[in-house]
Amino acid sequence: MNVTFHWLRVQTFCYATEKQDLIEDTLKELLGDVEFEEEICDSEHGNSMMILETRMTKQREFRDLFYRLGNDILDFIIEDIENRVDEDDIFYLRLDKQKAVQGIYEVAHHGDVISIFGKIQAHPARKEVAVKVLRSFIENEVRDH
């Protein structure tokens, strides 16, 4: 089994109007029992907010995360794979945070999101190789999980 990513980061903002424990529970449902780094900062409107972030480095964690996303998201990634990977071999995906709190994983095109991004292990380090690695990972490791 090849390692797919050097690392994956999952990050979200918890605004002052949101319950942090609910957001953390939502992330743990998606990621398993992981620890989060917490950083308090000010939003653009001057309210304080918490940034919750975790970094994953193990193949099992990558596989479990992608498996939990479900087939609809996996299908979306495969169909849109050229837009999900950039020239630096970084994978990007944004999930709707409010839907995730309800247990529904849906791709988001707005700002209130759970961001998933990571450096794909591609040798040589080229976008087309990274796309192949990601496609193979989803089709051969995640779907067979």
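Note that these values count all heavy atoms, side chains included, but never hydrogens, waters or copies made by symmetry.
Tyr92 and Ile138 end up in different hydrophobic clusters when Ile, Leu, Val, Met, Phe, Trp and Tyr side chains are linked at under 4.5 Å. Under the 4.5 Å side-chain heavy-atom criterion for ILVMFWY residues, a single connected hydrophobic cluster contains both Phe76 and Ile78. The cluster map of Ile, Leu, Val, Met, Phe, Trp and Tyr, joined by side-chain heavy atoms under 4.5 Å apart, puts Phe117 and Leu93 in different clusters. Leu65 and Ile81 fall within a single hydrophobic cluster, where Ile, Leu, Val, Met, Phe, Trp and Tyr are joined by side-chain heavy atoms under 4.5 Å apart, directly or via other members. When hydrophobic clusters are built by joining Ile, Leu, Val, Met, Phe, Trp and Tyr residues whose side-chain heavy atoms come closer than 4.5 Å, directly or via intermediates, Ile23 is not grouped with Val113.
In this structure the side chain of Leu52 never reaches within 4.5 angstrom of the side chain of Gln11, judged on heavy atoms. Side-chain contact between Asp96 and Asp112: absent, with no pair of heavy atoms (C-beta onward) separated by less than 4.5 Å. Inter-residue side-chain proximity for Lys97 and Glu18 is flagged as met; some heavy-atom pair is nearer than 4.5 Å. Within the 4.5 Å cutoff, the side chain of Glu141 has heavy atoms near those of the Gln59 side chain. With contacts defined as side-chain heavy-atom distances shorter than 4.5 Å, the pair Phe91/Ile116 qualifies. For the pair Val142/Leu69, no side-chain contact is recorded, criterion being any heavy-atom separation below 4.5 Å from C-beta on. Residues Val129 and His123 form no side-chain contact, since every pair of their non-hydrogen atoms from C-beta on lies 4.5 Å or further apart. You'll find the side chain of Lys127 stays beyond 4.5 Å of the side chain of Asp86, heavy atoms only.
When all heavy atoms of Ala108 and Leu95 are compared, the pair lying nearest together is CB-C, 3.6 Å. Here the closest non-hydrogen pair linking Glu82 and Val131 is OE2-CG1, 3.8 Å. Among all heavy-atom pairs drawn from Thr54 and Glu35, the shortest one is OG1-O, 2.9 Å. Nearest heavy-atom pair, Ala122 versus Asp89, reported as atom, atom and distance to 0.1 Å: CB-OD2, 3.9 Å. Across every non-hydrogen atom of Gly32 and Arg68, the tightest pair is N-NH1, 3.6 Å. When all heavy atoms are compared, the tightest approach of Glu61 to Thr57 is OE1-N, 3.1 Å.
Between the side chains of Arg135 and Asn140, not a single donor N or O lies within less than 3.5 Å of an accepting N or O. Remark: the Thr4 side chain and the Gln121 side chain contain no N/O donor-acceptor pair separated by less than 3.5 Å.
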Requested in this report: Would you check, one step at a time, whether the test salt bridge (charged side-chain N to carboxylate O under 4.0 Å, His left out) holds for Asp25 with Lys19?
Outcome: CA-CA 10 Å; Asp25 289 348; Lys19 294 180 180 171; over 6 Å; no
Requested in this report: Show your working on side-chain hydrogen bond (donor to acceptor under 3.5 Å, both in side chains) between Glu24 and Gln20 and close with a plain yes or no.
Outcome: CA-CA 6 Å; Glu24 287 180 3; Gln20 184 175 335; 2.8 Å; yes
**Report entry** Phe5 and Leu134: CA distance, side-chain angles, deciding distance, side-chain contact (heavy atoms from CB on, under 4.5 Å) verdict
**Finding:** CA-CA 9 Å; Phe5 294 92; Leu134 182 58; 3.9 Å; yes
Requested in this report: Show the numbers, then the answer: is there a side-chain contact (heavy atoms from CB on, under 4.5 Å) between Arg9 and Glu53?
Outcome: CA-CA 7 Å; Arg9 280 199 172 143; Glu53 180 177 274; 3.7 Å; yes
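Open room surrounds CD on Glu29; 12 or fewer heavy atoms of other groups in view lie less than 6.0 Å from it. Dense packing is recorded around NZ of Lys119, with more than 12 heavy atoms of other residues, nucleotides or ligands lying under 6.0 Å away. Within 6.0 Å of CD on Glu37 lie no more than 12 heavy atoms contributed by other residues, nucleotides or ligands.
Taking the centre of each ring, Phe137 and Phe66 come in below the 6.0 Å mark.
The distance from the OH atom of Tyr105 to the NZ atom of Lys99 is 14.0 Å, given to the nearest 0.5 Å. Here the CG atom belonging to Asp72 is positioned 11.0 Å from the CD1 atom belonging to Ile77, to the nearest 0.5 angstrom. To the nearest 0.5 Å, atom OG1 of residue Thr26 and atom CD of residue Gln98 are 9.0 Å apart.
Side-chain N or O atoms of Ser136 include none that pairs as donor or acceptor with a backbone N or O of Lys132 at under 3.5 Å.
The other members of the hydrophobic cluster of Ile51, by chain and number, are Phe13, Tyr15, Met49 (side-chain heavy atoms under 4.5 Å, ILVMFWY only).
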